[in-house]
Amino acid sequence: MIFISIGLHAQEEAQKAFSEGVRLLKSNNYVEAEKQFSIAISKGETEQGLKMSYVYKGFSLNGQSKFDSAIVCFNKGIEIDPLDPASYTDRGKTYSFKKDYPNAIKDFEHVLILDSIGGQAEAAYYYLGRIKMLIFENEEAIKYFDRLLILAPKDSEAYFLRGTAKSNIMDSDGAIADFDKAIELRPNYMEAYANRGVQKINKTPVEDKTGKNIKCLEEPCKDLLKAKELGDTSVDDMIYLYCKKCK
C-alpha cells in the first residue's frame, strides 16, 4: 500500500506540473514552461506521460530558439513511441527552424510512411513544399503542393504557395489560376491579390508598361489597389509605376 501511494503521488505531481507547463506554454512563458515539463519528466512513470512531457518540453525550447535541445527532447519522445508521426513532424519543423533542411526532409518523408492521408500527411506535404521553395527547387515544391491539395482541396494557403512556386518558374498563367482559387476561398487574402497583380503585370506587353506610352494597367491595378486597401505596403512602388494614370 505504501509503494502504491508513493507511485500515485508521483503521478499526481507529474500531471500537475504538465498541466501547469501547458498553461505557461499557451501564454508564451517558455522558460517557466520548460521548468514545469522537466518536473513532469522527473516525476513521470507512464510511457505516454513521459512522451508528452518530452514533446511539450521540446515546444517550450523551440519558443526560446534552443533548437538543438528541443531536438534532444523530440528524440526522447520518438524513442518511447517510434510510430507516432506527429513527433517526426515536430522534430522536422525544428530542423527546419535551424535551417537543417536535409534532416527536416528526412523526418517529413518518414511522416508520409506512417501517415499518407491524414493530418500529419498534410503537414508533411506543406512543410516539404515550403522547404523546397526555400532551396529553390520550385518544381519539386509544386509536386508536394499538388499532393497536399488532393488531401485538402479547400486549403487557400496551399493554392497561394503553389502559385508562388509557379511564379518563381515564370509560369504566370498557372500562378494566376492558383491565386484566383486562393482568393475564391479567402476573399481578403492580401498577399494573393498582391502576387496576382504582379503576375498580371508580367503578362502585360512591354510596350504597354514602359516609356512614354505607359497607361493605366486596369486589371493588375485592381489587384494591387485591393492589396493596398487590405494593408499591404509592399505594393506601393508597383502602384506608383503602373497605376497613377488610373482614375
Side-chain angles (χ1 to χ4, degrees), residues 55 58-59 61-75 77-78 82 84-153 155-182 185-186 189-199 201-203 227 232 234-235 238:
V55 167
F59 295 157
L61 289 162
N62 274 343
Q64 302 171 66
S65 298
K66 295 180 178 179
F67 302 129
D68 289 329
S69 297
I71 287 168
V72 171
C73 287
F74 294 130
N75 288 346
I78 288 169
D84 182 4
S87 295
Y88 295 94
T89 299
D90 295 330
R91 190 174 68 178
K93 288 165 66 176
T94 306
Y95 277 127
S96 66
F97 294 154
K98 67 191 294 279
K99 296 182 171 56
D100 184 351
Y101 298 130
N103 275 318
I105 289 169
K106 286 180 184 177
D107 271 348
F108 291 127
E109 287 179 340
H110 191 71
V111 169
L112 294 172
I113 294 173
L114 298 173
D115 176 12
S116 60
I117 60 173
Q120 296 304 316
E122 292 180 26
Y125 285 133
Y126 172 85
Y127 285 108
L128 284 166
R130 293 293 299 262
I131 290 170
K132 290 296 184 178
M133 288 175 69
L134 287 169
I135 60 178
F136 307 107
E137 295 180 4
N138 288 286
E139 291 87 352
E140 290 299 310
I142 290 166
K143 292 177 184 178
Y144 284 122
F145 294 132
D146 287 344
R147 294 168 191 169
L148 171 55
L149 285 164
I150 291 172
L151 299 179
D155 188 332
S156 59
E157 187 181 5
Y159 281 107
F160 173 78
L161 290 170
R162 190 174 70 176
T164 303
K166 289 177 180 178
S167 300
N168 292 339
I169 60 170
M170 309 304 289
D171 178 8
S172 292
D173 289 330
I176 289 169
D178 277 343
F179 296 140
D180 287 344
K181 189 65 178 178
L185 292 166
R186 194 196 304 180
Y189 204 151
M190 179 182 74
E191 297 86 353
Y193 281 108
N195 283 20
R196 188 173 70 177
V198 170
Q199 291 307 305
I201 288 172
N202 289 344
K203 284 174 56 64
D232 189 345
S234 70
V235 297
M238 300 290 281

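Keep in mind it's a predicted model, so treat the numbers as computed, not measured.
Listed by chain and residue number, nothing satisfies the side chain to side chain donor-acceptor pair (under 3.5 Å) test with E191 (two or more places apart in sequence, or in another chain). In this structure, the side chain to side chain donor-acceptor pair (under 3.5 Å) partners of S234, at least two apart in sequence or on a different chain, are D232. With sequence neighbours excluded, the residues that form a salt bridge (charged side-chain N to carboxylate O under 4.0 Å, His left out) with K132 are E137. Judged as a salt bridge (charged side-chain N to carboxylate O under 4.0 Å, His left out), and not counting sequence neighbours, R147 has no contacts. Legend: residues meeting side chain to side chain donor-acceptor pair (under 3.5 Å) with D155, ordered by chain and number and at least two apart, are absent.
In this structure the side chain of L61 reaches within 4.5 angstrom of the side chain of C73, judged on heavy atoms. Taking the side chain as every heavy atom from C-beta outward, D180 and I176 approach each other to under 4.5 Å. Looking only at side-chain heavy atoms (C-beta outward), F160 and R162 stay at 4.5 Å or farther from each other. Side-chain contact check for L161 versus Y126: some heavy-atom pair is nearer than 4.5 Å. Between D107 and N103, the closest side-chain pair of non-hydrogen atoms is not below 4.5 Å.
The two atoms that bring L148 and A158 nearest to each other are CD2-CB, 3.6 Å, heavy atoms only. What you find for S156 and A182 is that their closest heavy atoms are O-CB, 3.6 Å. Between I142 and A165, the shortest heavy-atom distance links the atoms CG1-CB, 3.7 Å. For the pair S172 and N202, the tightest heavy-atom approach, listed with the atom from each and the gap, is OG-CB, 4.0 Å. Here the shortest heavy-atom pairing between S87 and V55 reads OG-CG2, 4.1 Å. Among all heavy-atom pairs drawn from G92 and A104, the shortest one is O-CB, 3.4 Å.
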>> Assess the residue pair D90 and F59 against the criterion (side-chain contact (heavy atoms from CB on, under 4.5 Å)); give the C-alpha distance rounded to whole Å, side-chain angles, the decisive distance to 0.1 Å, and a yes or no.
In response: CA-CA 8 Å; D90 295 330; F59 295 157; 3.6 Å; yes

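Remark: F74 CZ to I71 CD1 distance equals 8.5 Å, nearest 0.5 Å. S96 OG to L134 CG: the interatomic distance, rounded to the nearest 0.5 Å, is 8.5 Å. One distance of note links CG of L149 with CG of D178; it measures 7.5 Å at 0.5 Å rounding. F136 contributes atom CZ, which lies 14.5 Å from atom CD1 of I169 (distance to the nearest 0.5 angstrom). Between the CD1 atom of I105 and the OH atom of Y127 there is a distance of 14.5 Å, given to the nearest 0.5 Å. A distance of 9.5 Å separates CD in E157 from OG1 in T164, rounded to the nearest 0.5 Å.
Using a distance-only test at 3.5 Å, with no hydrogens or angles considered, no donor-acceptor pair links the side chain of Y95 to the main chain of F67.
Residue R186 places its CZ atom among more than 12 non-hydrogen atoms of other residues, nucleotides or ligands, all under 6.0 Å distant.
Ionic pairing of D173 and K203 is present here: one or more N-O contacts between side-chain nitrogen and carboxylate oxygen are shorter than 4.0 angstrom.
Counting only residues at least two apart or on different chains, the side-chain hydrogen bond (donor to acceptor under 3.5 Å, both in side chains) pairs with a member in residues 109-125 are T89-Q120.
Aromatic rings from F108 and Y88 are positioned such that their centres are separated by 6.0 Å or more.
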